[in-house]
Structure formats: C-alpha cells, structure tokens
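The next block holds one structure in the form of structure tokens; read it before the comments.
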Amino acid sequence: MNIILLGAPGAGKGTQASRISDGYGLPHISTGDIFRANIKNQTPIGLLAKSYIDKGQLVPDEVTCKIVENRLQEPDCKAGYMLDGFPRTIAQAEALDKITKIDLVINIEVDFALLMDRLCGRRVCKDCGESYHISRLNGETKCSRCGGELYQRKDDNPETVQSRLDVYNAQTAPLIEYYSKKGLLFNVVGNTTPEDVFAEVSKKLDALKQ
Ligand code: AMP
C-alpha cells in the first residue's frame, strides 16, 4: 500500500503516521523530518531548507521532489510506504504521479480555530518524534514512549504558524480536489482523539488490504 497523509499543519498527520507505521509495517516518510535531520547535520540541503522552514514557507519543489524520489527507491519502500507532509503542492503531486502509484490519500480534517493552539502548545520528542500538548504534560519534560527529551519546534511559534497555515490554504488545500477527482481521497475528522482518528483510519486500511 502506498499512502499519503494530507492535512493542515497540526491536523495530527505525524501522530497518525507513527500509529499506521507501527500497525501496518509501512515506512514513515516525513519530508519535514528529513529536512530537520539535514538541518541538525548541517548539510547543504539543511542549510537551504532552514531558510524556508524558519519563515514558514515551503522548500522549493525541485529540492523536495528529488529527496522523495531518492527515498522511494530505497528497499524498505518496495512493499509500500506512507508519505507525511508530501506532496504539499500540485507540482509535487504531479511529480509523484510520474514515479509511483498511490493507493489512498487520507485527509485529516480539523477546524482551523484549533490549529494555532495545537501547534503553539506542541512539544516533540527529540528522539522518536512523538508529539504532545503542554496542556496534557503536567510539567513532564520527557517522552513517555522512549524517555527522550521534549522540545518545542522553532517553527511552532504564532507568527510562523500563521504563515504555515496561509501556505497550506494557498498551496496544499488544492490537493484535496486533486486527489478527490482521482477517486483516492478518504476524509477523516481530526477534531477528536488520536485513538478515534486511528480507529477510523484502520477500518479503511483493513478494507483496502483485503
Ligand atoms: P512538517 O514537519 O511537515 O510540518 O514540515 C516542516 C517544514 O518543512 C514546512 O513548514 C516546510 O517549510 C518544510 N517542508 C516539509 N515538507 C515539505 C514539502 N513537501 N514541500 C516543501 N516544504 C516542505
């Protein structure tokens, strides 16, 4: 199964991706994670990506598409994969169509009013990437999954979040229609708990597997 997770920043794509990855054995390919690893290692791609990410803008399509194309050629993607945060533009979706066949696009829909709070209150494990919200952490600073240290992403501040949401509306939201027209779109309400969202997603994936 080749799956795309679509949704605005803060919709819960990363949270669902780790559950789907654990439950269905699909490699989780997050372009945001790939860029952050490059920034950490101070590679040329990292240096370039940082200048866009810090402003809440998209890294240019040519760079992002090449990274994904290379990643999809790795052996672990042979039996399927899950893309999280890619594609984010119509041009990226068209480039993807040229190199692979997508089976399902899961679109997590969340009220926009919730996203600013979700993102600005988000804390992420620096080791396993698990996300938390400060309102439920009770001052805890370590990841309950792996014990890693929790941190706040640099782009999870009100100004950059606003820019990311604007970019989503202008450049990524049109993908909903793009994939709907292809008959690949599965909408799931993301205002509920991660468990409820995963239950809905699992039903769909189980049906698809048969
Ligand atoms: P994410 O972790 O998915 O929220 O991505 C963090 C940031 O990385 C985004 O705000 C973009 O600046 C950049 N990024 C991630 N995925 C893409 C993509 N498919 N195209 C362009 N930029 C991306």
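Since the model is a prediction, treat every value here as computed from it, not as a measurement. Atoms within a ligand are numbered from 1 in the order they appear, just like the ligands themselves.
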Report summary line: Between the NE2 atom in His133 and the CZ atom in Arg122, the distance rounded to the nearest 0.5 Å is 10.0 Å
Query - N/O separation below 3.5 Å, Thr31 to ligand 1 - result: yes
Query raised in the report: Between atom CG of Asn157 and atom CD of Gln152, what is the distance when rounded to the nearest 0.5 Å?
Result: 7.5 Å
Query raised in the report: Hey, does Arg88 come in under 3.5 Å of ligand 1, counting only N/O atoms on both sides?
Result: yes
Requested in this report: Taking only heavy atoms of Arg36 into account, list the atoms of ligand 1 that are under 4.0 Å away from them.
Outcome: 2 (O), 6 (C)
Query raised in the report: Any chance CD of Gln73 has more than 12 other-residue heavy atoms, nucleotides or ligands included, within less than 6.0 Å?
Result: yes
Query raised in the report: For atom 19 (N) of ligand 1, which candidate among Gly129, Ser163, Gly85 provides the closest heavy atom?
Result: Gly85
Report summary line: Within 4.0 Å of some non-hydrogen atom of Arg164, the atoms of ligand 1 are 4 (O)
Report summary line: So the atoms of ligand 1 within less than 4.0 Å of a heavy atom of Gln92 turn out to be 18 (C), 19 (N), 20 (N), 21 (C)
Query - Non-hydrogen atoms of Leu104 and Leu184 that approach each other most closely - result: CD1-O, 3.7 Å
Query raised in the report: Which part of Ile53 is near ligand 1, with near meaning a heavy atom under 4.0 Å away: side chain, backbone, both or neither?
Result: both
Report task. Considering heavy atoms of the protein only, find what lies nearest to atom 23 (C) of ligand 1 and give residue, atom and distance to 0.1 Å. Result -> Phe35 CE1, 3.7 Å
Query raised in the report: Taking both backbone and side-chain atoms of Val59, is any N or O found less than 3.5 Å from an N or O belonging to ligand 1?
Result: yes
Requested in this report: Say whether Arg153 and ligand 1 are in contact under the criterion: heavy-atom distance to a ligand atom below 4.0 Å.
Outcome: yes
Query raised in the report: To the nearest 0.5 Å, how far apart are CZ in Arg88 and CG in Asp61?
Result: 11.5 Å
**Report entry** Ion pair check, Asp22 and Arg19, cut-off under 4.0 Å
**Finding:** no
Query raised in the report: For ligand 1, which atoms, with element, lie under 4.0 Å from some heavy atom of Thr64?
Result: 18 (C), 19 (N), 20 (N), 21 (C)
Query raised in the report: What is the ring orientation for Phe198 with Tyr24, classed by angle as parallel under 30°, tilted 30 to 60°, or perpendicular over 60°?
Result: perpendicular
Query - Thr43 OG1 to Lys50 NZ distance, which is reported to the nearest 0.5 Å - result: 12.5 Å
Report task. Would you mind telling me if ligand 1 is within reach of the side chain of Gln57, the backbone, both or neither, using heavy atoms under 4.0 Å? Result -> backbone
